[in-house]
Amino acid sequence: MSKDYEKYFIKPSIRDARKRKSQATPVIDFNKHFNIKGFGKGKTYKIETYGCQANEADTEKIKGILEVLEFTESDTLENADIILLNTCAVRENAENRVFGELGRLKQYKKNNPDLILGVCGCMPQEEKVVERILKSFHYVDLVFGTHNIYKLPEYLETVVLSKERVIEVFSEEGSIVENLPRIRENTRKAWVNIMYGCDEFCTYCIVPYTRGKERSRNKDDIINEVNDLIDQGYKEITLLGQNVNSYGRDFLDVNYKFSDLLIDLHKLPIARIRFTTSHPKDFDLETVKILSQGGNLMPYIHLPVQSGSNEVLKKMNRKYTKESYKKLVDNIYKFIPNVSLTTDIIVGFPGETEEQFEETLDLVKYCKFEGAYTFVYSKRAGTPAENYPDYTTFEEKKRRLYKLNDLINIGYLRGSKRFEGKIVKVLVDGLSKKNNEILAGYTENNKLVNFKGDESLIGGIVEVKITSAKTWSLTGEQIE
Ligand code: 5AD
Ligand code: SF4
């Protein structure tokens, strides 16, 4: 398509995305934006999702919108009338995968010129990405970001009816959209967004630019959503936010924090409550004490530490020290002795020395993590760390990653072994991927369990005695 046919040509700007206003967050009601029902009748879509749970939750909303328009999901890419890539920008290799996929999808566009190919999610929030799509991927019809999903019906109408290419990416968010329709992936476990965006500006991280200002959802909207999920038979919810511990910090007129939300949700008849992700600097003792009440509050905390060196933490702008992190971990183990703790760690942050890396290993040993997502630092354009001097070779960074992973795997195994001989509660997800006579599900501590059982148990919570433990999974027998 030529440039003359491009509409809504709004490109993102990392600089604008940095501007934060301390104003009240307006709430947009999706129902008021929506009036083209039936538009997708007889047509199909396929969405490929990259990245974190926030993207998975957004995909459920995009599917919801498409299905209200009466599109149906296609089994294959080949047959789809719309293909959307919901992308992740957190590391370079995630972005490269998307560009690779876009290259591969060119053939589908050749075979079916009416195919609508779109890119959404975090990558379009970066100006360099949009420039690259404009320059090298002329066959992409639709580009939108994380703040304007609710306008998808309008964009599709323009692409289909006017045959115009739509590129619209808002740099400055300001709103929360309620009442978006949703097709949830799972019928027993649900994501519940409690807040959007991030105001932390860790120096390595692109998320505050791609997801915008921190905005907490109104507590009544969250509680109503959870009550709806309970009515639909959901057993587990995971509260989502980039820093759930700062929930409510942006409320101008009410004092209601994450711990208050947990107290309110704890009273509801939902079997399991989880949350992710936590920020150590905002994880208060009040929250630890509330979690110690157990019940539907699961004994599992993901608490990204990123590094065990105070110098590195400072350069990362994490706003805590290894001492304060250890103190928080001590309190977590003191009040919730049965807890499973996992973390995120970045190795090879610019300027990280061997000694500083060793400090991370020491911290890992101290904290007894039962799992971790570990990453080699990836330079992100527009972030402060982009310009930090970095003399460590990639080979050396990989060596550090492997050494760290060896230690983390010891923690995984220890975390599994401690359940041998114990009776655990398993929320049964479905049949095991490897053997269709075996059921698979997760314990309260988020451990994968395989056991022999009837398919009718899927979706329920079953007591299982653990007979053996491996690094990544437990095996057990159902208690009759
Ligand atoms: N390089 C490597 N890892 C990163 N993360 C975030 N930004 C980067 C980056 N630039 C990791 C952090 C975060 C997780 C979601 O991704 O560990 O907690
Ligand atoms: Fe990124 Fe830090 Fe925000 Fe997490 S808290 S999303 S690492 S800026």
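Both ligands and their constituent atoms are indexed starting at 1 by order of listing.
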Tell me which protein heavy atom sits closest to [atom], plus the residue, atom name and distance to 0.1 Å.
atom: atom 3 (N) of ligand 1; answer: R91 NH1, 3.4 Å
atom: atom 4 (Fe) of ligand 2; answer: Q242 O, 4.3 Å
atom: atom 1 (Fe) of ligand 2; answer: C205 SG, 2.3 Å
atom: atom 10 (N) of ligand 1; answer: S378 O, 2.8 Å
atom: atom 14 (C) of ligand 1; answer: D344 OD2, 3.5 Å
atom: atom 7 (S) of ligand 2; answer: Y204 OH, 3.3 Å

Check the angle between the aromatic planes of Y155 and F144 and answer parallel, tilted or perpendicular using the 30° and 60° thresholds.
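Tilted.
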
Parallel, tilted or perpendicular, judged at 30° and 60°: which one describes the rings of F349 and Y377?
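Correct class here is perpendicular.
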
Subset of ligand 1 atoms that lie under 4.0 Å from at least one heavy atom of [X]:
X: V90; answer: 6 (C), 7 (N), 8 (C), 9 (C), 10 (N)
X: Q306; answer: 12 (C), 13 (C), 17 (O), 18 (O)
X: Y377; answer: 1 (N), 2 (C)
X: R380; answer: 10 (N)

Which atoms of ligand 2 have any heavy atom of [X] under 4.0 Å away?
X: C198; result: 3 (Fe), 5 (S), 6 (S), 8 (S)
X: H279; result: 5 (S)
X: V207; result: 6 (S)

Cut-off 3.5 Å, side chains only: do [X] and [Y] have a donor facing an acceptor?
X: N245; Y: D284; value: no
X: D250; Y: S216; value: yes
X: Y300; Y: T342; value: yes
X: N338; Y: Y333; value: no
X: Y234; Y: D228; value: no
X: N86; Y: T59; value: yes

Is there a heavy atom in V376 that sits closer than 4.0 Å to ligand 1?
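Contact present.
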
Both conditions, 6.0 Å and 45 degrees, for the charged tip of R91 above the ring of F375: are they met here?
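Yes - R91 lies over the ring of F375, closer than 6.0 Å to its centre and within 45° of its axis.
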
Is the contact between Y204 and ligand 1 made by the side chain, the backbone, both, or neither, using heavy atoms and a 4.0 Å cut-off?
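The answer is both, backbone and side chain.
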
Ligand 1 versus I346: contacting region, heavy-atom distance under 4.0 Å:
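The answer is the side chain.
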
For Y442, does the OH atom have more than 12 heavy-atom neighbours from other residues, nucleotides or ligands under 6.0 Å away?
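Not buried by this count: 12 neighbours or fewer within 6.0 Å.
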
Please check if the number of heavy atoms outside E92 that lie under 6.0 Å from its CD is greater than 12.
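Atom CD in E92 is not packed in, count stays at 12 or less.
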
Quick one: does ligand 2 sit under 4.0 Å from the side chain of [X], the backbone, both or neither, non-hydrogen atoms only?
X: R318; value: side chain
X: P208; value: side chain
X: N243; value: neither

Counting heavy atoms only, which of P304, G197, C202, G241 comes nearest to atom 8 (S) of ligand 2?
C202

Side-chain ion pair, E60 and R182, N-O less than 4.0 Å
yes

